[in-house]
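Reckoned from all heavy atoms, side chains included, excluding hydrogens, waters and symmetry mates. Everything numeric here is computed off the predicted structure, so don't read it as measured data. In what follows, chains are A, B, ... by sequence order, proteins preceding strands, each numbered from 1.
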Number of protein chains: 4
Amino acid sequence: MTEATAEQRRRRILDAAVDCFAERGLHATTMQDICRRADTSPGAVYSWYPSKESIIDAIAAERHEHEIHLLATALADPDPRTALHSFLDAYFEWLSDPSERLRRRVSVQVWAESLVNDRLQPTVQEGIGQRSLAWDGIRAAQAAGAVTTAADADGMARLVLAVLQGFILQQAWEPDIDIEGYRRAANLVVDALAPPPGP
Amino acid sequence: MTEATAEQRRRRILDAAVDCFAERGLHATTMQDICRRADTSPGAVYSWYPSKESIIDAIAAERHEHEIHLLATALADPDPRTALHSFLDAYFEWLSDPSERLRRRVSVQVWAESLVNDRLQPTVQEGIGQRSLAWDGIRAAQAAGAVTTAADADGMARLVLAVLQGFILQQAWEPDIDIEGYRRAANLVVDALAPPPGP
Amino acid sequence: MTEATAEQRRRRILDAAVDCFAERGLHATTMQDICRRADTSPGAVYSWYPSKESIIDAIAAERHEHEIHLLATALADPDPRTALHSFLDAYFEWLSDPSERLRRRVSVQVWAESLVNDRLQPTVQEGIGQRSLAWDGIRAAQAAGAVTTAADADGMARLVLAVLQGFILQQAWEPDIDIEGYRRAANLVVDALAPPPGP
Amino acid sequence: MTEATAEQRRRRILDAAVDCFAERGLHATTMQDICRRADTSPGAVYSWYPSKESIIDAIAAERHEHEIHLLATALADPDPRTALHSFLDAYFEWLSDPSERLRRRVSVQVWAESLVNDRLQPTVQEGIGQRSLAWDGIRAAQAAGAVTTAADADGMARLVLAVLQGFILQQAWEPDIDIEGYRRAANLVVDALAPPPGP
DNA sequence: GATGAATGAGACTTCATTCAT
DNA sequence: AATGAATGAAGTCTCATTCAT
C-alpha cells in the first residue's frame, strides 16, 4: 500500500470524523457513526487510528498546524506596519471559507475538551504558541513605532486572538453571521493598535 | 420542606456539579461524581433535577442570567458615552473574581455543548440576547455621537462580546493570565470605538 | 446493606462464575453468561467485582485459601508419622466431594492462566506456599525418623503435591474416575516415603 | 511445491505458535502474533491451517504422539521389571530438555482447553490412551511378580502419569525447579510399586 | 501461493436512571 | 424525602477470518 493510498484512507476517516463531530459533538459521536460516514468498518478505522481519542488529536493537530501557518505567514511580512493587517486578512479569508465551517465548529469542541484533557493541552493551548508568535510580531511593530505602546504586547496579542476566537464561537452559533460587518469592526481594533500611516 | 431548604438543596447540587464539570468536563462527569461531591445520593439529586441534562441547563441558565444582568446594568447608564466602559469594568470585575473561575471553565464547555444540543441553544446563544442588548446600547451611543459609525453597531457589539469570550477561553487555558494587561488592551478597543470625551 | 447480604451477592456471582468457567472455560465465558447464571445484570456484577479478571482472582484466592487450610490443618498433627497420611486423607475427602467438582475443573484452567498472567502467579503458584508447608512437614518427619532420607524433602514435597495435582487433572478429564483405586495407589507412595510404624 | 517445503512451512508456523502460546497463552495469542513470529502473513498461515483452532489441534496432536511414543518405547522393554524405570528415565530426559520447555508450558494450556473443548478431548485426554498403555504394562509386570498387587493396575497407572503431569505443571511454574531431586523422589515411588530385584 | 487491508460480530465495561426500602 | 443497589442499553475496541491484488 502506497503512502498516497494510506493518506487517502486517513483523510477519509478524518473528514468523516469532522462531519460527525460537528454534527453531534465529540462525545455523542460514536465510532460507528464515523465508520458509517467514512463508509468503512471499525477494524479499518482502528488500523489507522488506535483510538477515538487519537482521531480527535489528529484533527486538533491539523487545525493547530493550520493556524500556526496562517500566523507565521502573515508575520513573515517584512513591514511590521502591515503584518497585523495581513494576518487578519488571511484569517478572515479562512473564516469566510464555507467548506471549513464544520472544522471551525469542531474547534470549539476541542477547546472545551482541552480544558479537561491533558492530552490536548500541548496542541490546543499552543494557541499559546500562536500568541507568542503574535507577541513577537507586535513587539517588533512597537519597536518600529507601528504599534501603540499604550498597552503591552502580551495583552494586545491576546486581544487579537480573542477577537478571532470569539468570532469563531459566534459564527459556530450563527452560521449566517455577517462576516464583513465583523471584519470592519475588527479592523477598527487593529487600526487602534496599529494606526495606519497618516497622510 | 420550606422553599429555603429546597433552594439550599438545589444550590448544593449545582455547586457540586460545577466543580465536577470544571474538573472533568460535562461528559466525563458522572452523576455519581456529582452525588459524591454534593454528599448526597442519586435519588436525592433526581428529586430536584430530572436528568443530568437539566443540571447542565440550570447551570447554563444561571450563567446566562448573570451575563444579561451585567449588561443590562451597564447599559442602564444614562450616558451612552460611558455605558460601554461601565460594562467592561463590571465584566472584568467578574473575570477577576477567583471564586467564579470554575464557573467560567464550565461556560466554555457549555458553549461547545450548545453547538450540538438544540436544548441549550436558546439559553446559551442568547448571547444573541446579549448582543441585541449591546447592539441597542451601541446604536444609542452612535446616535449620541459617542461611538464611531465607521462600523455598524452589530459588528461592534459582536466585537465587544468576542473580546470577552476570547478572554474567558484564554483564562480557562491559563489561569494565571495577566488580567490587567488584557484589560488595558481591551480598553484601547473600546476607546477606538467610543473615544473618551476630549478636553 | 448488611455485610451478610453483600457476602451473599458475592457468593452468588462467584458460584455462577464457577459454573460458567467450568463449563465453557475462562475465556469463552462472557460476563453476560455469568450475569445470566447469577440472574443479575452486568452493572450489579461490576458493583461487586471491578472486572472479569477480578472474579477469576477471587475464585483462585478462595481455592488457594482452601488448600492452604487443608495442608496446615493436616500438618498441625503433632505426630510427624501420621501427618502426611492425615493430609492425604483430608485432600481425598475433598476430591471425593462431588459438589466441588466444578471448582476443581476451574482450578485446572486457573493453572493454565497463571502461566501467562503475572497477576495470578502469587496466588496460584503459591502452591509454592503449599510446597513450603509440605516441605516443613516432611523435614520434621525426616528428623523424627518417620520419613526416608533417600530423597530430599523438597523433591518429596513436590511429589506429594504432584500426585494430587495430576489427579485433579485426570478427574477433570474423567469425572467417573475411580477415586478409591487411585487413593490406594497414592497411599503406597506415602507408605514408601513414610513407612507406617512396624510391629 | 514439494512436500518438504510444505512441511517446512507448517513447521515454521507451528513453532511460532508454540512460542506465542507459551508466552501469552492460547487465547491471548492472536493470529497476527503468530504471523509476526513466523514472519509470514495471515493468508499464508490460513493456506496451511484452516483456523487457529486447527493450529492448537496440531500442536496437541504432535505432543500426544510424542508421549505415546515415549510410553510405547519404554513398554517395549521385554523385562517388565525394568519397563517402568525405562519409561521414567525417558520421560525425565524429555523433561530435562530445555528446548522443549515452551512445549511443556503449552501442554498445560492445552490441558485446560481440552476441558472445555470437545474437539481436543480425543487427542489430549487420550492421556487415556497413555494410561491404557501404562495399564497394560503394569498388569504385565504384576503378572510377572515385578509390581505389587497392593493396588490395582489402573490406579497405579494413573499415579505414575500424575507424578509426571504434576511435575510438568510445577516446572512450568518454576522453570528452575530441581529436576534431579524430583526424579529421586519419583524413583522412590516406582521402587515402591516395582521393587528392584533384591540381591 | 502469498499478501495484508478490510470485515464485522461480539467482548468488556460504564453510567444515567429507577424504585424498593 | 432520601437511599443506593440494581438495571440494561450502548460505547469502545479486538481479532479470527476473507479475498482482491
Side-chain angles (χ1 to χ4, degrees), chain A residues 1-2 5-6 8-9 13 27-36 38-55, chain B residues 1 5-6 9 13 27-36 38-56, chain C residues 1-2 5-6 8-9 12-13 27-36 38-55, chain D residues 1 5-6 9 13 26-36 38-56:
Chain A
M1 170 166 281
T2 68
T5 319
Q8 204 176 16
R9 293 282 190 289
I13 293 167
H27 291 94
T29 294
T30 71
M31 287 305 266
Q32 284 297 349
D33 290 336
I34 297 175
C35 291
R36 220 145 25 221
D39 197 28
T40 185
S41 62
V45 169
Y46 277 88
S47 78
W48 297 108
Y49 294 97
S51 66
K52 187 180 167 186
E53 290 200 336
S54 72
I55 295 180
Chain B
M1 171 166 283
T5 318
R9 294 278 195 288
I13 293 167
H27 291 92
T29 294
T30 70
M31 287 302 264
Q32 279 300 343
D33 289 336
I34 297 174
C35 291
R36 236 169 344 245
D39 198 30
T40 184
S41 64
V45 169
Y46 275 87
S47 76
W48 297 110
Y49 293 98
S51 66
K52 187 180 168 185
E53 292 198 335
S54 72
I55 294 179
I56 297 174
Chain C
M1 170 164 282
T2 66
T5 319
Q8 202 176 19
R9 295 281 191 288
R12 175 141 75 192
I13 293 167
H27 291 93
T29 293
T30 71
M31 287 304 267
Q32 283 297 346
D33 290 337
I34 297 175
C35 292
R36 222 148 21 222
D39 196 29
T40 185
S41 62
V45 170
Y46 276 87
S47 78
W48 297 108
Y49 294 97
S51 66
K52 188 181 167 184
E53 290 200 336
S54 71
I55 294 179
Chain D
M1 170 165 285
T5 319
R9 293 276 195 290
I13 292 167
L26 258 28
H27 290 93
T29 294
T30 70
M31 286 302 264
Q32 280 299 344
D33 290 336
I34 297 174
C35 292
R36 234 166 349 243
D39 198 28
T40 184
S41 64
V45 170
Y46 275 86
S47 75
W48 297 108
Y49 293 98
S51 67
K52 187 180 168 185
E53 291 199 335
S54 70
I55 294 179
I56 296 174

* Have a look at B/S54 and say if it touches a base, only the backbone sugar-phosphate, or nothing, with a 4.0 Å heavy-atom cut-off. => nothing
* Base-pairing string, 5' to 3', of DNA chain F - Watson-Crick or wobble, under 3.5 Å, | interstrand -> .||||||||||||||||||||
Look for any protein N or O under 3.5 Å of an N or O in nucleotides 18-21 of chain E and output each such pair with its distance, or none.
none

* Using whole Å, report how far CD1 of B/I56 lies from P of E/dA16. => 10 Å
* With sugar-phosphate meaning primed atoms plus P, OP1 and OP2, does D/T5 contact a base, only sugar-phosphate, or nothing at under 4.0 Å between heavy atoms? -> nothing
* Asked: Whole-Å distance between F/dT17 P and D/W48 CH2?
  -> 18 Å
* Which whole-number value in Å describes the distance from A/M31 CE to E/dT13 P? -> 19 Å
* Structure fact -> From CG of A/D39 across to C1' of E/dG8 the rounded distance in Å is 14 Å
* Asked: Please, which pairs that meet salt bridge (Lys or Arg N to Asp or Glu O under 4.0 Å) have at least one residue in residues 39-51 of chain C, sequence neighbours excluded?
  -> none
* Asked: So what does D/R36 touch, heavy atoms closer than 4.0 Å: a base, only the sugar-phosphate, or nothing?
  -> nothing
* To do: Can you tell me the distance, in whole Å, between the OH atom of C/Y49 and the P atom of F/dA5?
  => 15 Å
* Structure fact -> note: A/Q32, atom CD; F/dG11, atom P; distance rounded to Å ~ 9 Å
* Check the distance between F/dC15's C1' and D/L26's CG and give it to me in whole angstrom. => 15 Å
* **Nearest-angstrom distance from the residue atom NZ of B/K52 to P of E/dT14** => 15 Å
* Between D/H27 and B/A44, who's closer to the 5' end of DNA chain F by nearest nucleotide? -> B/A44
* Mapping C/S47 and A/E53 onto DNA chain F by nearest heavy atom, which one lands closer to the 5' end? -> C/S47
